[in-house]
Amino acid sequence: MLAEVDVAFTPGLGVDGRGIRIGKGGGYHDRALQLLRPDTPTVTVLHEHELLPHVPDEPHDTPVWGVLTADGVRQFPSREV
């Protein structure tokens, strides 16, 4: 069913400029994101202060397309769909 969604919103504790997100799901959301169509925008909902300069990443991490904050939507150039 995830392959049928048009946009996916994900929780997170922080996202860096590469679209790497950090959360508390133990990799659950990264595994779920891999089930989406490659052209499905994935957006993490954050507070502005949760945009971070760098988030450590691991091979299973799936970058998100952008973030949604109270200031608006920010798309990461490397994740254009």
Side-chain angles (χ1 to χ4, degrees):
M1 295 299 189
L2 287 175
E4 298 175 17
V5 302
D6 293 323
V7 63
F9 291 92
T10 64
L13 299 175
V15 175
D16 70 15
R18 301 171 298 152
I20 301 297
R21 58 175 283 288
I22 190 164
K24 291 178 23 178
Y28 172 83
H29 292 100
D30 291 302
R31 289 189 298 277
L33 292 175
Q34 293 172 1
L35 301 175
L36 298 170
R37 292 185 323 270
D39 64 335
T40 303
T42 53
V43 180
T44 300
V45 181
L46 297 174
H47 295 284
E48 191 69 27
H49 69 271
E50 294 171 324
L51 290 167
L52 305 172
H54 179 75
V55 170
D57 59 317
E58 297 182 14
H60 69 273
D61 290 331
T62 302
V64 295
W65 173 90
V67 295
L68 171 64
T69 69
D71 292 336
V73 175
R74 183 175 306 174
Q75 179 183 352
F76 301 115
S78 62
R79 299 294 301 154
E80 291 181 17
V81 291

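What you see is a predicted model; the values in this text were computed from it and never measured. Below, each value reflects all heavy atoms present in this structure, side chains not excepted, and no hydrogens, waters or symmetry copies.
Leu13 is not connected to Val67 by any chain of hydrophobic side-chain contacts under 4.5 Å among Ile, Leu, Val, Met, Phe, Trp and Tyr, and they are in different clusters. If you chain together hydrophobic residues whose side chains sit under 4.5 Å apart, Val45 and Trp65 fall into the same group.
Listed by first and then second residue, the side-chain hydrogen bond (donor to acceptor under 3.5 Å, both in side chains) pairs involving residues 2-12 are Thr10-Thr44 (not counting sequence neighbours). Listed by first then second residue, pairs satisfying salt bridge (Lys or Arg N to Asp or Glu O under 4.0 Å) with a partner in residues 54-65 read Arg18-Asp57, not counting sequence neighbours. For residues 44-56, the set of pairs meeting the salt bridge (Lys or Arg N to Asp or Glu O under 4.0 Å) definition, not counting sequence neighbours, comprises Glu48-Arg74.
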Margin query: Between Leu46 and Val15, does the side-chain contact (heavy atoms from CB on, under 4.5 Å) criterion hold? Intermediate values first, please.
Written below: CA-CA 8 Å; Leu46 297 174; Val15 175; 3.7 Å; yes
Next item on the list: For Val64 and Val43, run side-chain contact (heavy atoms from CB on, under 4.5 Å): C-alpha distance rounded to whole Å, both residues' side-chain angles, the deciding distance at 0.1 Å, then the answer.
Entry: CA-CA 6 Å; Val64 295; Val43 180; over 6 Å; no
Item checked: From CA spacing to verdict: side-chain contact (heavy atoms from CB on, under 4.5 Å), Thr69, His47 -> CA-CA 5 Å; Thr69 69; His47 295 284; over 6 Å; no
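For His54, there are no ring pair (Phe, Tyr, Trp, His ring centres under 6.0 Å) partners at least two apart in sequence or on another chain. Evaluation of the side chain to side chain donor-acceptor pair (under 3.5 Å) rule for Arg37 yields Asp39 as partners, not counting sequence neighbours. Contacts of Leu35 classified as side chain to side chain contact (heavy atoms under 4.5 Å, CB included), with partners at least two apart in sequence or in another chain: Leu2.
Between the CG atom in Leu68 and the CD atom in Gln75 there is a gap of 13.5 Å [rounded to 0.5 Å].
A pairwise comparison of heavy atoms in Phe76 and Gly17 identifies CD2-O, 3.3 Å as the closest pair.
In this structure, Asp16 contributes its side chain and Pro53 its backbone to no donor-acceptor pair below 3.5 Å.
Residues near Met1 contribute nothing to a hydrophobic cluster around it, because no ILVMFWY side-chain heavy atom sits closer than 4.5 Å to its side chain.
Counting heavy atoms from C-beta on, the side chains of Leu36 and Val5 come closer than 4.5 Å.
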